[in-house]
Amino acid sequence: MGSENMDEINEEIVAAIEAAIFAAFGNSASKFRIKTIKRVSSGMPEWRKAGLYSQMK
C-alpha cells in the first residue's frame, strides 16, 4: 500500500466492500449503510477461519 497511512482505507477498498454486500444481498442491500470500516487483525490462521465459517452455514 505504499506510503499511505495504514489507518486510512482508500475509496477502492470501500467500493469493493459495497459491491460485495450488494452481490450477496441483492435488492435488500439498499437497506444497508456503511458507517465505519476498521481493519482488524486476528491471530487465527486463514485455514482455521475458513473451517469455522463453513461450519456456521
Side-chain angles (χ1 to χ4, degrees):
M1 294 198 170
S3 63
E4 108 181 3
N5 184 350
M6 290 303 289
D7 292 333
E8 295 178 14
I9 298 178
N10 67 30
E11 293 175 9
E12 290 145 357
I13 293 172
V14 174
I17 292 169
E18 288 177 337
I21 291 170
F22 279 99
F25 294 99
N27 288 337
S28 62
S30 62
K31 297 175 186 173
F32 284 90
R33 190 173 87 188
I34 298 174
K35 291 183 178 183
T36 60
I37 298 174
K38 296 179 183 179
R39 183 182 309 266
V40 295
S41 62
S42 170
M44 189 182 308
E46 294 299 320
W47 60 267
R48 183 170 180 209
K49 284 191 246 179
L52 289 172
Y53 293 144
S54 69
Q55 291 179 2
M56 289 184 215
K57 290 184 179 182

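With sequence neighbours excluded, the residues that form a side-chain contact (heavy atoms from CB on, under 4.5 Å) with Phe22 are Ala29. Annotation: side-chain hydrogen bond (donor to acceptor under 3.5 Å, both in side chains) contacts of Glu46 (sequence neighbours excluded): Lys49.
The hydrophobic clustering, which links ILVMFWY residues whose side-chain heavy atoms are closer than 4.5 Å, places Ile34 and Ile13 together.
Taken from CD in Glu11 to CD in Glu18, the straight-line distance is 10.5 Å, to the nearest 0.5 Å.
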